[in-house]
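This report concerns only the one structure given below.
Computation of the quantities below employed the complete heavy-atom set of this structure, encompassing side-chain atoms and omitting hydrogens, waters and symmetry-equivalent molecules.
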Amino acid sequence: MAAPRRRASAASPPARPTDLHAALAAWFAREARDLPWRAADRTPWGVLVSEIMLQQTPVVRVLPVWEEWMRRWPHPTDLAAEPAGEAVRAWGRLGYPRRALRLHAAAAVIMREHDGELPSTEEGLLALPGVGTYTAAAVAAFAFGGRATVVDTNIRRVHARLIGGEALPAPSLTAAEQRRAAALLPEDRAESVVWNAAAMELGALVCTARSPRCSECPVASECAWLAAGEPPPTYTPRGQAWHGTDRQVRGAIMAVLRAAEHGVPRALLDDSTLATVSDSAADGVGPAVARLKALQAGPEQRERALAGLLADGLAVDADGVLRLP
C-alpha cells in the first residue's frame, strides 16, 4: 500500500495547481447547474441579488424568490423606488430578512451615487450597504469577470479536504485559509472565475459536508483528505436551534406583517386578542396569526421578538399599528 501523502500546509498550493484547475474546469463545463444568475444574459444586479439571497439559504428556496424579484425589480433603481417594506414582504420565507433591507439600502446607494449601475471593483462593492468581503469578491468575479479570491463555505470545505487533508474547515474563516485560496487562484482572469465557480459547485454537489460522493469527484486522485484515510472532523458542527426560539417567533410575527397590507393593531399580539382571531380573518392575516398562535409562545417571548424586529428596522409601530417599514 502506498504511503499516505504528506499534507500540504493551509497556506501552500498543491504541487500542480494547473492540473487541478483544468480538471475542475472540465468537470464544471459538464456538470454545472443551469442557474439563471449564471446565464449569459445575467446582469450585475441579478448576481448581487442572488449572492445576498444565497447566504445561509439553499438554491432550491432561493430560485423562485429570485425570479420574482427580477421580474418585479430588474434594475436597482426599480427596487430603490419602492418602500423598504415591499422588499421585506417580497423576501417571503427566505429567512434573515434584514438581508432584504440591506439590498434595498444598496439599491438606493447604487441609484444615488452610481447612476444606477453597480460598481465593478471589490472596493466599490464593499462600500455598498450589506456587502461584505465574500459578496464583493463573488460579484466582482461572477458579474464582472474579475480576478477575485472567493471563499464561501463550500469552497472552504473543498480546499480543506483537497489541500489541507482535513474533513472540515475551521468553524470560522482564518487568515491561513484566505492565503491558501489566494495561492490557488489562477493568474488568468477568465480561468480564475471558472475556478471559483467550479470549486463552489463541487462543494455544493459532490464534496458535501455530511455525505461526500468521492467516487464522483474529478480531483479525488489529488485529494489530501482521501490520501490520509479520511480522518474524521476535529469538532462537531452544531446547527442553529429553531423550534421554540425567539427567531422562530420573529419569523411568525413577520409572516403576520407581510400578510397585512395595511398593518395590524399591536394588541393583536396579546393573548386575549390572539385567541379570538380565526383562520378566515379579514385582511388575509388569519392563517399567519394561526401559525403564530400554534407556537404557544408566551407574551414575554412575543414582546421580546417584536422588540427585536422594531430595533432592526424590520417593523414599525405607528400609534399602536404594526406594519412593515
**Q.** Counterpart residues, side-chain hydrogen bond (donor to acceptor under 3.5 Å, both in side chains), relative to Arg30 (two or more places apart)
**A.** none
Q.
Taking ring pair (Phe, Tyr, Trp, His ring centres under 6.0 Å) as the cut-off, I'd like each qualifying pair that reaches into residues 285-325, sequence neighbours left out, listed once.
A. none
Q.
Measuring only between side-chain heavy atoms, which start at C-beta, is Thr174 closer than 4.5 Å to Pro169?
A. no
**Q.** From CG (Leu257) to CZ (Arg323), nearest 0.5 Å
**A.** 10.0 Å
Q: Using a 4.5 Å cut-off on heavy atoms from C-beta on, say whether the side chain of Leu54 contacts that of Trp37.
A: yes
Q: Give the cluster check for Val49 versus Met111: same hydrophobic cluster or not, with ILVMFWY residues linked at side-chain heavy-atom distances below 4.5 Å.
A: no
Q | With sequence neighbours excluded, residues passing side-chain contact (heavy atoms from CB on, under 4.5 Å) with Glu117 | A | His75
**Q.** Qualifying ring pair (Phe, Tyr, Trp, His ring centres under 6.0 Å) pairs, either residue in residues 286-325, two or more places apart
**A.** none
Q | Val256 and Leu322, any side-chain heavy atoms less than 4.5 Å apart | A | no
Q | Arg72 with Glu82: basic N within carboxylate O range, under 4.0 Å | A | yes
(Q) Which Ile, Leu, Val, Met, Phe, Trp or Tyr residues join Tyr235 in one cluster when any pair of side-chain heavy atoms under 4.5 Å counts as a link? (A) Leu168
Q.
Quick check against the 3.5 Å criterion: does Arg99 have a side-chain atom that pairs as donor or acceptor with the backbone of Tyr96?
A. yes
Q. Between CZ of Arg98 and CG of Leu101, what distance do you get to the nearest 0.5 Å?
A. 9.0 Å
Q: Please name all residues satisfying ring pair (Phe, Tyr, Trp, His ring centres under 6.0 Å) with Trp45, sequence neighbours left out, ordered by chain then number.
A: none
Q. Distance from Cys207 atom SG to Ile155 atom CD1, nearest 0.5 Å?
A. 12.0 Å
(Q) So, using side-chain hydrogen bond (donor to acceptor under 3.5 Å, both in side chains) as the criterion, who are the partners of Glu68 when residues are at least two apart? (A) Arg71
Q. Hey, does Trp69 have a side-chain heavy atom less than 4.5 Å from the side chain of Leu79?
A. yes
Q: Apply side-chain contact (heavy atoms from CB on, under 4.5 Å) to the pair Ser192 and Glu187, showing each step before the final yes or no.
A: CA-CA 7 Å; Ser192 73; Glu187 290 296 331; over 6 Å; no
Q) Can you list the steps and then say if Arg180 with Ile163 is a side-chain contact (heavy atoms from CB on, under 4.5 Å)? A) CA-CA 9 Å; Arg180 177 171 61 194; Ile163 310 304; 3.9 Å; yes
Q | Worked verdict on Thr245 versus Arg250 for side-chain contact (heavy atoms from CB on, under 4.5 Å) | A | CA-CA 9 Å; Thr245 64; Arg250 278 170 57 109; over 6 Å; no
Q: Treat each ILVMFWY residue as a node, draw an edge where side-chain heavy atoms are under 4.5 Å apart, and state whether Leu205 and Met200 are in one component.
A: no
Q: Enumerate the residue pairs fulfilling ring pair (Phe, Tyr, Trp, His ring centres under 6.0 Å) with a member in residues 114-171, sequence neighbours excluded, ordered by first and then second residue.
A: none
(Q) Working to the nearest 0.5 angstrom, can you tell me the gap between Thr208 OG1 and Asn154 CG? (A) 9.0 Å
**Q.** Within-4.5 Å side-chain heavy-atom neighbours: Val62 and Ser50
**A.** no
Q.
Test your reading of the model: is there a side-chain donor-acceptor pair from Asp312 to the backbone of Leu314, 3.5 Å cut-off?
A. no
Q: Drop me the distance from Ser221's OG to Leu226's CG, to the nearest 0.5 angstrom.
A: 9.5 Å
Q. Going by heavy atoms in the side chains, are Glu303 and Arg266 under 4.5 Å from each other?
A. yes
Q. Which residues pass the side-chain hydrogen bond (donor to acceptor under 3.5 Å, both in side chains) test with Glu230, sequence neighbours left out?
A. none
Q | Flag, side chain of Trp225 to backbone of Pro231, donor-acceptor distance under 3.5 Å | A | yes
**Q.** Exam field: side chain Arg147 to backbone Leu185, donor-acceptor pair closer than 3.5 Å
**A.** yes
Q. Ignoring hydrogens and geometry, is there a side-chain-to-backbone donor-acceptor pair from Arg157 to Gly203 under 3.5 Å?
A. yes
Q. If Ile, Leu, Val, Met, Phe, Trp and Tyr residues are connected whenever their side-chain heavy atoms lie under 4.5 Å apart, and connections chain through other members, are Val285 and Val88 in the same group?
A. yes
Q: Run the salt-bridge test on Arg258 and Glu86 with the 4.0 Å N-O cut-off and return the result as yes or no.
A: no
(Q) Between Arg247 (side chain only) and Ala241 (backbone N and O only), is there a donor and an acceptor less than 3.5 Å apart? (A) yes
Q) Do Trp91 side-chain atoms and Gly95 backbone N/O form a donor-acceptor pair below 3.5 Å? A) yes
Q. What pair of heavy atoms forms the shortest contact from Ala167 to Pro233, and how long is it?
A. CB-N, 3.6 Å
Q) Can you tell me if Arg42 uses its side chain to pair, donor with acceptor, with the backbone of Pro36 under 3.5 Å? A) no
Q. Which heavy atom in Asn196 sits nearest to a heavy atom in Ala141, and how many Å separate them?
A. ND2-CB, 4.3 Å
Q.
If you compare all heavy atoms of Leu306 against all heavy atoms of Leu269, which two are closest, and at what distance to 0.1 Å?
A. CD2-CD1, 3.8 Å
Q) Side-chain heavy atoms under 4.5 angstrom apart, residues restricted to Ile, Leu, Val, Met, Phe, Trp, Tyr: same cluster for Ile52 and Val65? A) yes
**Q.** Closest heavy-atom pair and its distance - Leu324, Val316
**A.** O-CG2, 3.8 Å
Q: Consider only side-chain heavy atoms of I, L, V, M, F, W and Y, link residues closer than 4.5 Å, and tell whether Val194 and Val150 are in one cluster.
A: no
Q.
Are there over 12 heavy-atom neighbours, none belonging to Arg93, within less than 6.0 Å of that residue's CZ?
A. no
Q | Residues that Arg302 engages under salt bridge (charged side-chain N to carboxylate O under 4.0 Å, His left out), provided they are two or more places apart | A | Asp271
Q.
Testing the 3.5 Å rule here: is there a donor-acceptor pair between the side chains of Thr135 and Gln55?
A. yes
Q) Does Gln178 use its side chain to pair, donor to acceptor, with the backbone of Leu173 at less than 3.5 Å? A) no
Q: Looking only at non-hydrogen atoms, find the nearest pair between Thr57 and Arg61 and report the distance.
A: CG2-CB, 4.1 Å
Q.
Is any side-chain heavy atom of Val151 closer than 4.5 Å to one of Thr133?
A. no
Q: Please name the residue in the list Leu48, Val47, Thr43 that meets the side chain to side chain contact (heavy atoms under 4.5 Å, CB included) test with Leu118.
A: Leu48
(Q) Can you list everything that forms a side-chain hydrogen bond (donor to acceptor under 3.5 Å, both in side chains) with Arg156? Sequence neighbours excluded, please. (A) Glu177
Q. How about Glu201 and Arg33: do any of their side-chain heavy atoms sit closer than 4.5 Å?
A. yes
Q) Counting only N and O atoms by type, is there a donor-acceptor contact under 3.5 Å from the side chain of Gln301 to the main-chain atoms of Gly244? A) yes
Q: List the atom of Pro325, the atom of Pro83, and the distance in Å for their closest heavy-atom pair.
A: O-CB, 4.3 Å
Q: Mind jotting down which residue pairs meet the ring pair (Phe, Tyr, Trp, His ring centres under 6.0 Å) criterion with at least one end in residues 176-220? Sequence neighbours excluded, please.
A: His21-Trp195
**Q.** Spacing of Glu51 atom CD and Leu125 atom CG [to the nearest 0.5 Å]
**A.** 11.0 Å
